[in-house]
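Residue numbering restarts at 1 for every chain, and letters A, B, ... go by the order of the sequence lines. Quick note: numbers below take in every heavy atom, side chains included, and nothing from hydrogens, waters or symmetry partners.
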Amino acid sequence: MDTRGWLEGAMRDAGTNGGGGAQAGAGGIATGLALAELGRAWPGPLTATQGEALEALCRKIHVAKQVTARYGPGWKKDAAAPGLGTLEWRLLVVVLIAYAAAQKPDSEAGRGLALKLINAALAALDLAAGKLDPPVHAALGEGAESMMRLVLEGANA
Amino acid sequence: MTAALDVLVHEGPQARAYLARLRRAGVRPRTAVVIVQENDAATGKPVGRLLPAGLRLKYAEKRQEAAENFWPRQIRMQHPALLETIKRGMSAVCEGAGETIDAALGPFHYEEYADRVVRVAATGLADERLARAVGEVCRGAVLFTGGGLLRASLLDLPGVRFIHVHPGHLPFVRGADGFLWSMLVRGRPGFSAFYMAKGIDTGEVIAADDAAEVKFDLAGMARPDDAMLYRALFSFVDPLMRAEFLATQVMQGGADPAQLPAAAQDLSEGLTYHFLHPKLRAEALRRVFVS
């Protein structure tokens with residue numbers, strides 16, 4: 001799987017603002033910008049702020065079960081924020097898969113983080129159903145499952 | 001022997017496994033505070049609202065008992081071979097596994113497992129009536145048996161420390177689906193007992209360890225679907241292993257469980273996991289239930 005190619009493609013299509021048009025208020029967070037920053041920082045290492053962003057995105061996917069285009073300081077919910085757009089959803093899933101690919105699967109910590117990010121990518125795809133073009137959605141799903149198998153096989157090797 | 005331990009009972013397989021295993025270990029809690037959900041779990045509507053208060057509590061408790069033990073009993077009825085396989089497998093890692101499972105599946109009289117039983121009608125863990133009751137009748141260590149997130153109204157009660165057994169070896173595995181994440185990431189289950197604090201799985205750790213590997217060979221039977229295997233895991237395997245950990249790593253030795261040596265966690269270590277997506281859950285279940 002050409003992770004770098006996927007990431008570069010998603011970032012190119014999304015543009016410098018990560019595909020989002022939402023402006024964050026003072027101290028707030030524009031999700032598209034955060035994703036673009038994570039994309040530029042790949043494969044890491046991440047700063048503390050970037051790591052927090054990745055963690056927060058996983059929480060939004062799994063706990064809030066929605067990801068919006070804008071958050072308050074500290075990734076607090078912004079009730080008026082719109083949902084992610086198509087390009088942001090694609091970039092989100094690609095970023096999660098890309099950072100999963102960047103982990104070392106022969107270490108427990110690496111394997112754990114890789115699987116955590118793949119788990120988030122799969123859940124994000126469920127949330128993004130209907131928001132992504134079906135061929136794009138299917139390709140991202142295959143990519144996530146392919147990465148899952150690679151990590152799990154690495155664990156068993 | 002009456003132990004310096006109270007139990008906050010959320011009806012279901014976990015509370016029953018704890019109490020049955022503690023009894024086997026000769027440990028009898030002082031007080032069991034049994035939460036009786038006064039609203040129907042599915043509809044949210046009050047149960048038996050036309051009944052007088054005393055009868056309403058009894059009726060609510062009966063309905064709760066049936067609801068919270070529904071899946072274990074369904075598995076016994078619909079998948080007896082699966083249950084027998086689990087009993088056999090668990091007997092190798094949990095003392096008296098078969099007896100514990102049978103006790104938990106049957107009618108369960110809390111009065112047989114604790115010196116005193118106090119039933120509290122409540123809407124859930126956040127209900128102030130529950131905090132009031134626990135504050136009045138509990139002191140020292142209180143075993144948490146599930147039912148949601150513990151709120152400040154309970155955590156902040158003076159003179160009370162809640163003990164939780166988490167199905168993950170802290171600090172490596174925090175959060176949800178700890179048993180299955182442990183199988184995926186570490187290749188074996190792990191458990192930790194800690195004094196509960198604000199934040200998920202962040203409290204001071206009393207004991208944390210990897211557990212014996214468990215696998216259940218389903219050869220020769222039609223493999224139940226993943227939803228049923230997941231229910232079987234949380235009806236029997238997870239509760240028994242947590243109970244075993246409690247009995248052998250926390251309550252052994254007879255020391256006051258409210259005053260056990262416990263170490264603060266380095267919260268920068270380890271990962272917090274979330275509930276497994278069905279595709280990853282399938283991989284994890286295949287590592288536990290082998291066909």
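The CZ atom of A/R111 lies 9.5 Å from the CG atom of B/L184; values are rounded to the nearest 0.5 Å. Between the NZ atom in B/K279 and the CD atom in A/E145 there is a gap of 4.0 Å [rounded to 0.5 Å].
The neighbour count for B/K215 NZ, taken as heavy atoms of other residues, nucleotides or ligands under 6.0 Å away, is above 12. No more than 12 heavy atoms of other residues, nucleotides or ligands sit less than 6.0 Å from atom CD1 of B/I200.
A 4.5 Å side-chain heavy-atom check between A/L115 and B/W181 finds at least one atom pair inside the cut-off.
Residues of residues 46-67 of chain A placed with any heavy atom under 4.5 Å of a heavy atom in chain B are listed by number as A/E55, A/C58, A/R59, A/H62, A/V63. Identified by a heavy-atom distance below 4.5 Å to chain B, the contributing residues of residues 123-140 of chain A are A/A123, A/D126, in residue-number order.
Counting heavy-atom pairs under 4.5 Å between each of A/R149, A/M148, A/K116, A/E108 and chain B puts A/E108 at the top. When the candidates B/R281, B/E269, B/R186 are compared by the number of heavy-atom contacts under 4.5 Å with chain A, B/R186 comes out ahead.
Scanning for ring-ring contact (aromatic ring centres under 6.0 Å, His included) contacts around B/Y230 gives B/F234, with sequence neighbours left out.
Scanning both residues, B/H277 and A/N119, for their nearest heavy atoms gives N-OD1, 2.7 Å.
Within the structure, the ring-ring contact (aromatic ring centres under 6.0 Å, His included) test picks out the following pairs touching residues 201-226 of chain B (sequence neighbours left out): B/F216-B/F289.
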